[in-house]
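To start, the structure itself, in structure tokens.
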Amino acid sequence: MADFIYEHYQVEFSSRQSYSALLHKAGITWKKAQGVNPKKDEEQIASKKRNYGEA
């Protein structure tokens with residue numbers, strides 16, 4: 001995002017928090033992606049793979 005803002009507007013903030021504040025003022029929120037789905041159910045995944053012939 002910092003690169004986009006600089007390329008289009010030639011503006012560079014000194015801290016990462018400034019970009020977060022800019023998004024907040026624009027009403028944009030986000031959540032950092034998780035590496036693994038916390039609700040992952042291995043048994044259910046295996047069952048679906050069996051049903052669809054992938055395992």
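- Remark: side-chain polar atoms of Tyr19 are paired, donor with acceptor, to backbone N or O of Phe13 under 3.5 angstrom.
- Within a 6.0 Å sphere centred on CD of Gln10, other residues, nucleotides and ligands contribute more than 12 heavy atoms.
- Two residues are said to be in side-chain contact when any heavy atoms from C-beta on lie closer than 4.5 Å; Arg50 and Ser47 meet this criterion.
- Each of Tyr9 and Tyr6 belongs to its own hydrophobic cluster when Ile, Leu, Val, Met, Phe, Trp and Tyr are linked at side-chain heavy-atom distances under 4.5 angstrom.
- The two residues Ile5 and Val11 make their nearest non-hydrogen contact at CG2-O, 3.7 Å.
- One distance of note links CG of Asp3 with NE2 of His8; it measures 11.5 Å at 0.5 Å rounding.
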I would like to know whether Met1 and Leu23 meet side-chain contact (heavy atoms from CB on, under 4.5 Å); could you show each step before the answer? CA-CA 10 Å; Met1 178 178 74; Leu23 291 174; 3.7 Å; yes

